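Quick caveat: nothing in here was measured; it's all calculated off a predicted structure. Sequence lines set the chain letters: A, B, ... in the order given, protein chains first and strands last, and positions in each chain run from 1.
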Amino acid sequence: MAGVTGHLIALLLLLPRLSVAQEVIRFMPQWTPQTQFAGYYVAMEKGFYAEEGVLVIMDHFGGSSTGTAIEKIAHGKTDIITSQLVSAMIAREHGLRLVNVLQTSQVNGLMCVCRRPVDHPQALDSAKLGRWKVGFGEVCDIFCLKNGLHVDWIPFIQGINLFVAGAVDGVLCYSYNEYFQVVLATGGIPKENIVRFRDYGLDYPEDGLYVTERYYKRHKDAVDKFVKASKRGWDYAREHPDEALAISMRVIQDYNVVTNITLQKMMLEEILALQVNPETGWADYAPVRRPVFEDMNASLREAGHLTTDIKYEDLIR
Amino acid sequence: MSIKKNFSSRLSLYVLLVAAGVMVAVAFLIALSAVMRITEDAREKAALTLDNTILKIEKVITEVERSVDNLDWVVQQHLDDEHFLYEVTRELVTANPNIIGSAVAFEPGFYKGRRYFSPYSYIGDVSHELHSFQMGNEDYDYPVLDWYQIPKLLGHSYWSEPYYDDGGGGQRMSTYSMPLTDEQGNIFGILTADISLEWLSNLVTSIKPYPNSYTMMIGRNGAYIAHPDSTKVLNETIFTWAMGMTDTTTFQIGRKMLAGQKGEQVFFNGKEDAYMFYGPLSNGWSVAMECPFWFVFIDAIDMIIIVFFMLLLGLLALFFGCRRIIRKLTTPIVEFSNSALTIAKGNFQATIPEVHSKDELLTLRNSLDYMQRSINSYISELKTTTASNERYESELNIARNIQMSMLPQNFPKRSDCFLHAMVQPAKEVGGDLYDFLEVGNTLFFLVGDVSGKGVPAALFMAITRAAFRFIGALGLSMSEVMSRVNNCLCDGNHNNMFVTIFAARLDLVTGEMEYCNAGHNPIVIVSPEGKASFLRAKPNLAAGLFENFPYEEERLTVAHGSRLILYTDGVTEAERADKSQFGEPALLQWAESLNPETSAEAASIDLYSQVKRFTDDADQNDDITILNILLK
């Protein structure tokens, strides 16, 4: 009798452990730590992932020497990544069957900051422009193609110094990151020196969460939990931007990233602004609209980044 | 002694205040001039310190640049000797203490089949040992790194912005990169030298010319290369600092520094105004030195403290010196004051101190002496006058008594007639008179008023009274009596004095009254029924004016129970302070209000009381005489 009782007590003690068993998810944002990923840091810090029942192990893209997030997920080194929609589509072209499980960005933030005023696209013809060595410039390729521009692309890891030193005529920037770096390096850039590609019909949504089809099929429940907790993280960051900034700065400092709180604050504000759906007026994490997706397909094929159309249903979940 | 009671202290204080005002103003102007000069000196000193700092850095930069530039031809000569290229980088590091690493990086494909070839030597941050390796690979794609790509694109040497090198030295550094070009001018590689930011930061931040001042250095991208707060180095730019400031001047400072300008700017640093001195380096970097605005006073503080204490000591010396001098000067004044006080207390023979100077004090002493003698003379005169006045007053009292004794005080004691009279002179003696004489059942009575007042009037009254006493007793008619009295008074009346008189003879049995009026006020008759009226007698002329004036007499039968009220104009013309007079109507009103049973004496006293009440204690301006007869 005593033995049966002891087993029952042991079973009762074990039940809670079984009920809260967490699935481990490896997560990699596509760039070095910054408030571009504040929602995920908040979800980690506030325990939203744990509350949803997933144990998230975050590892950051560490620059050119460590490989991109897409390369990491392609080699099975991570489970979930953040990526731009364009990059994910091109990755599928190359056989990496990614699926979009959350679209955070609703507005395109790519821009080109130039040394001279650019009153029309042809002003960039034959210009020497800096772009990231690791990618992110496909939208600009489409822009150049649509406008018949021939640009001398200069690859860089960090392009601000190229621009400040006068080694290039212009440099690609994201409105939430490099643009502010340029502002903080120069004291300000005239508006007429800035080309925002979304103003030229290329308002393609950017960041989202991606997993491989295979992982998604096997761990759909865990992915859904991760997505749900990530949304909560972003919502919390939107409601408590100062706290989100503080949390992000702790992560940034852990990685010894060269940055400052002024830049990160501006970045967070811009990222949150880019998450607002222009059609609804609020951050609703709406998946990319099919017409936009099809336009991206056509443009990327025209620019040579895709050879076949990516099916909307294959990528968007 | 309170300073308020001490003239010398008070005067000293006034002098001190004036002197302090002047001295403070002068000291302020001197200090202002000195501060301006010292400010300029301090600014020059700060600017000079900055220039010296820039020179120190420039020296290092130049040495590094020269070391690299000098190796250009060496590299060009040994491109086919890989080991020598390593040796070049090792030599550069070991020969120049400022260089912690050096690389010869070649364009991808410069050496056939090799995308990356970059011999690199560096001194370990911890071990301080020299290491060499080929640092280019897939993970360290140097052709896209700033230190390689920017000088290649620019086509000239370039100092990279500070960075943390994770492929080479493993520390914060900046790299001087010199393009290697072939005979056609094509760039085929970059020769570099790394300098540590640690010693550069230490060099710059150690420059602190004033407390709370600091020196910093920024690169062409505004990022801090050196800053007292090491967490800002590489992480923040001068514009992140500017964005945290309320003073937008800070942006101007940043832009001017990035523009390679040299200058200074006053701005508000969040706590206080401050100077920012800035100047460029030849490689595009800029050094700046912030000094709190008050730093200019540091050198002046000692001088200001000394001036302040000297000013304070000078003022104290001036105060006590002035007080001592003023006390010495004012001692005679104190003695004069004591003498004056002694005189004031009654000692008019008090000694007045001698003064040997011939200034205002002598004048004061003479004035005091004159005052003393004048007082003594006045006192002497006053004593004489007082004695004379006392004698005069005594004589006047005697005269008053004599005059009063002339007027009969024993009034008739009859059952058919009651008489009472009173005189109240305005001065010690007066010119009013009354008289009565009882002969059987006949009552002779009169009331008179001599012109003027005082002794002359009293003497004239005495003459008048004597004349009536003598002539009235002769049994003549009232007109004859009055005529004779008039002639008597006119005799020898060189002063043209006169007297108004109402005289009458009353038969107390029949009530027949014979009377004569010599310019006197009409008498009041109160009938038995209580009705009062004035007896409008012929006025004739006052006695004493014209000799042999024909006075007329008149007759009247006075009913028994009637009351006769004689008076002088001192009653009807009694004045209040506002010059209003008692008047005849008030007299008649009073007379009618009398109770028929009121005695003659009570009626006289009551009328006098009414007059005094009317005048409300105003000074009596004329003699008052009242004669009251109640015929039963």
Option from A/Tyr174, A/Phe136, A/Phe37, A/Tyr176 for which ring pair (Phe, Tyr, Trp, His ring centres under 6.0 Å) with A/Trp31 holds
A/Phe136
Checking heavy atoms, do the side chain of A/Val168, its backbone, both or neither come under 4.5 Å from chain B?
side chain
Does NZ or CZ of A/Arg131 come closer than 6.0 Å to the centre of the six-membered ring of A/Phe156, within 45° of the ring's axis?
no
Pick from B/Thr237, B/Asn137, B/Ile238, B/Val233 with the largest number of heavy-atom pairs that fall under 4.5 Å of chain A
B/Thr237
Flag for A/Gln181-A/Asn177: side-chain donor and acceptor within less than 3.5 Å
yes
For each of A/Ile160, A/Thr262, A/Asn161, tally heavy-atom pairs with chain B at distances under 4.5 Å, and name the one with the top tally.
A/Asn161
Proximal component of A/Val258, with respect to chain B [non-hydrogen, under 4.5 Å]
both
Between B/Thr175 and B/Asp194, is any side-chain donor less than 3.5 angstrom from a side-chain acceptor?
yes
B/Tyr214 and B/Asp229: side chain donor to acceptor below 3.5 Å:
no
Heavy-atom contact with chain A under 4.5 Å, split by part of B/Leu234
both
For each of A/Thr186, A/Leu263, A/Val164, A/Leu184, tally heavy-atom pairs with chain B at distances under 4.5 Å, and name the one with the top tally.
A/Leu184
